[in-house]
Student: 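Please read through the structure below; I'll follow up with questions.
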Amino acid sequence: MAREFQRGHKAKISDLTAGTDLYVGVQIAAPGLTFDISCFGLDANEQLSDDRYFIFFNQPKSPEESIQLLGAQSGDTESFRVTLDRIPAAIQKLSFTATLDGAGQMSQIGPGYIRIVAGGEEVVRYSFTGSEFTTERAVMLGDFYLKDVWRFAAVGQGFDGGLDALLKNFGGEVAEEEAPSAPAAAAPGFAPPAQAAAPPAFGAPAAPSVPQAPQPAPSFGAPSAPTPPPAPQPVHTAPTIAAPLAPHAPQAPSPYGQPQQPQFGQVPGQAAPPAAPFGQQVPAPYGQPAPAPYGQQPPGSMPPGAPQGVPQGVPATGAGLQAALQPYKETATGQRWTPQNQQLMRVDLTMGGAGVLARQGSMVMYQGKVDFGYKSAGFVGRAVGNATGQEMQLMRCTGRGQVFLAEEGSHLHPVELQGDGICVSAENVLAFDESLQYEVRRVEGHGIPGGALFTMLFQGTGTVVVKTHGTPVVLPVTPTTFADCNAVVAWSAASQVIVSSQVRLRRNAYPGHSGETVNLQFRGAPGNFIVVQPYEV
């Protein structure tokens, strides 16, 4: 009986089956959408160091045939044969992925799955639906990975960008589009001919949950003759990292009228304000008739070296609205925390699993299914916060989606901790991973009212987002390092902090408000640091 996995579940292959000759089936579909299903053979650093182990429709098998693309059959959109005991030692992980070929989002898909079949019996299945994703265009479905023994993990991780972005994430290179005449009819795969022998022992059982019309029978070929004929492969000549975006290369004008830019059909990012329209071949990129109804004279406003043959009807102000908005497009790197600019931070809650604690009111936008809840500090926490000035009004962000955070135009800096610690004043913290431990730390001193200063100490593994007024500077700690307490943002947890006896009055001091400020002296071994902002209260 097949085991039902949820996202994040892992198991040894030996606990699922005694066999090593496995069938992997993937079912994913959506009305009007086309998918490319691939397998990445990765090294110990999870990089595609040998592009012969990128198995997709244009390269259907690895050199020793330990990984083979079989095509659509038995209700599966795509299927693979994996022989674990034949995989070279350099390959430590097999990542099975699905990417959109064309427009669309993963949130549009219906119920799907990735399953493993051994000896003609399904041993494990991980099911998913489009409700688990938002704007992603690729998804990492499941992994075989080597950790002492081969194991399987249900991943279900969405990834912004298409197949070329996924290739770059794994360290591969995206080949230039070669021939726009390459037909897309060759997809989904290179299954052996229908008259092949009976299915082998690792074949998939018939009658799965979602039937597929192309090949109802599991005719993926006998293991004794697993070599698919290489002759009918598509026009792509190099069996390397050629992104399957080529089938929908710009044979017709792209949405913004730029046929010469193949990357996602978007306007080139180097469009300067007075730049020419990048030599569009299309006479009417925005529905304007060719005879220049607005009477613009592009040649008079084009800089030297502008492309020739620009239609006279195109406005001289650039490539239009999309070109103007291109520099401000959302940045998606596949990481949990991604700065969108100096003042806006994006956190992807689908990465990492743990929630995020953020300052209340800092959310400016979110995508997907995100839950916001009040984070109570408790009675003791509120008492300590009120007494020390280190109280933080926090909200908890959980779910699956992306949250954009900002506060009053402050500059934001994600600081990743890996078991170490950092001291940050509570007023300089915007958000942090809930997995981090934090507490109020006291800085002793006799030269200030109350006898002490306080700060927040963050420790553990995770990210804390620090906000500053302007661009900060990081300085090494020396025996003669002094800083104004209002300008100091953070310092290394191992630094020794001493309150200086020098207390000065501001020139605008008046009765009832002394305007006093305090200097802090920092000491520590080499490697300690302080962060100072160009700002004074």
Side-chain angles (χ1 to χ4, degrees), residues 7 10 13 22-28 35-71 76-84 86-101 106 112-116 126 128 133 136-147 150-175 187-190 228 236 238-246 332-335 350-351:
R7 179 189 291 110
K10 303 175 182 178
I13 296 297
L22 307 176
Y23 171 97
V24 179
V26 175
Q27 206 287 322
I28 185 170
F35 297 87
D36 291 313
I37 301 171
S38 312
C39 176
F40 290 84
L42 309 177
D43 58 21
N45 297 320
E46 299 191 3
Q47 295 294 296
L48 187 66
S49 54
D50 188 342
D51 55 16
R52 297 176 302 169
Y53 288 89
F54 173 37
I55 309 303
F56 68 120
F57 70 86
N58 203 32
Q59 185 168 252
K61 62 180 178 179
S62 60
E64 72 293 323
E65 300 182 2
S66 62
I67 314 166
Q68 302 177 47
L69 186 72
L70 304 178
D76 298 328
T77 309
E78 189 61 88
S79 60
F80 299 82
R81 180 183 182 182
V82 177
T83 311
L84 293 178
R86 297 178 61 188
I87 295 177
I91 303 301
Q92 301 282 300
K93 175 183 280 191
L94 304 180
S95 182
F96 294 89
T97 66
T99 56
L100 278 165
D101 183 3
M106 285 296 174
Y113 60 78
I114 179 173
R115 61 174 180 157
I116 301 176
Y126 162 52
F128 52 85
F133 310 105
E136 297 93 335
R137 292 178 43 79
V139 60
M140 297 177 237
L141 300 172
D143 293 341
F144 288 96
Y145 65 99
L146 187 61
K147 186 178 180 182
W150 280 102
R151 306 164 187 256
F152 174 73
V155 181
Q157 176 61 58
F159 194 91
D160 289 334
L163 181 57
D164 55 354
L166 199 60
L167 283 165
K168 293 177 182 178
N169 178 68
F170 288 135
E173 297 180 358
V174 181
F190 289 75
H236 293 58
T240 56
I241 313 306
L245 295 174
T333 62
Q335 304 297 322
T350 61
M351 305 285 291

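Sequential numbering from 1 along the given sequence is applied to the chain's residues. Since the model is a prediction, treat every value here as computed from it, not as a measurement.
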Student: Less than 4.5 Å apart, any side-chain heavy atom of Phe128 and any of Val139?
Tutor: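 No, their side chains stay 4.5 Å or more apart.
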Student: Not counting sequence neighbours, which residues clear ring-ring contact (aromatic ring centres under 6.0 Å, His included) with Phe133? List them please.
Tutor: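 Counting only residues at least two positions away or on another chain, Phe133 forms no ring-ring contact (aromatic ring centres under 6.0 Å, His included).
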Student: Search all heavy atoms of Arg7 against all heavy atoms of Gly156 and return the closest pair with its distance.
Tutor: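 Of all heavy-atom pairs spanning Arg7 and Gly156, the closest is NE-O, 3.1 Å.
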Student: Do Ile87 and Leu94 come close enough that some side-chain heavy atom pair is under 4.5 Å?
Tutor: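 Yes, side chains in contact.
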Student: Would you say the side chain of Ile28 lies within less than 4.5 Å of the side chain of Met106, judging by non-hydrogen atoms?
Tutor: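 Side-chain contact under 4.5 Å: yes.
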Student: Quick one: closest heavy-atom pair of Ile55 and Lys61, and the distance?
Tutor: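 Residues Ile55 and Lys61, closest heavy atoms: CD1-C, 3.5 Å.
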Student: So do Phe152 and Leu22 actually touch side chain to side chain, heavy atoms under 4.5 Å?
Tutor: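 Counting from C-beta outward, Leu22 and Phe152 never come under 4.5 Å.
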Student: Taking the side chain as every heavy atom from C-beta outward, state whether Phe96 and Val155 have any pair of such atoms under 4.5 Å apart.
Tutor: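 Phe96 does not reach Val155 side chain to side chain.
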Student: Side chains of Thr83 and Glu64: closer than 4.5 Å at any heavy-atom pair?
Tutor: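 No; the side chains remain at least 4.5 Å from each other.
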Student: Distance-only criterion, 3.5 Å: show the donor-acceptor pairs between side-chain atoms of residues 39-49 and protein atoms not counting sequence neighbours.
Tutor:
{"unit_1": "Asp43", "atom_1": "OD1", "unit_2": "Asn45", "atom_2": "N", "d": "2.9"}
{"unit_1": "Asp43", "atom_1": "OD1", "unit_2": "Glu46", "atom_2": "N", "d": "3.2"}
{"unit_1": "Asp43", "atom_1": "OD1", "unit_2": "Gln47", "atom_2": "N", "d": "2.9"}
{"unit_1": "Asp43", "atom_1": "OD2", "unit_2": "Ser49", "atom_2": "OG", "d": "3.0"}
{"unit_1": "Glu46", "atom_1": "OE2", "unit_2": "Lys93", "atom_2": "NZ", "d": "2.9"}
{"unit_1": "Gln47", "atom_1": "OE1", "unit_2": "Gly171", "atom_2": "N", "d": "3.3"}

Student: Taking C-beta and beyond as the side chain, do Ile13 and Phe144 meet within less than 4.5 Å on heavy atoms?
Tutor: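 Yes, at least one pair of side-chain atoms sits under 4.5 Å.
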Student: State, with a plain yes or no, whether a side-chain heavy atom of Phe35 is found less than 4.5 Å away from one of Val26.
Tutor: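 Side-chain contact under 4.5 Å: no.
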Student: Parallel, tilted or perpendicular: which describes the rings of Phe56 and Phe54, with under 30° parallel and over 60° perpendicular?
Tutor: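 Geometry flag for Phe54 against Phe56: parallel rings.
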Student: Mind listing the closest non-hydrogen atom pair of Gln157 and Thr350 along with its distance?
Tutor: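 Here Gln157 and Thr350 meet closest at OE1-O, 2.9 Å.
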Student: Report the distance from atom CG of Asp101 to atom CZ of Arg137, rounding to the nearest 0.5 Å.
Tutor: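 It is 8.5 Å, given to the nearest 0.5 Å.
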Student: How long is the straight-line distance from CG of Leu146 back to CZ of Arg151, given to the nearest 0.5 Å?
Tutor: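 If I round to the nearest 0.5 Å, the distance is 9.0 Å.
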Student: Can you name the closest pair of heavy atoms from Asp143 and Ser95 and give their distance?
Tutor: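 So the minimum-distance heavy-atom pair works out to OD1-OG, 3.1 Å.
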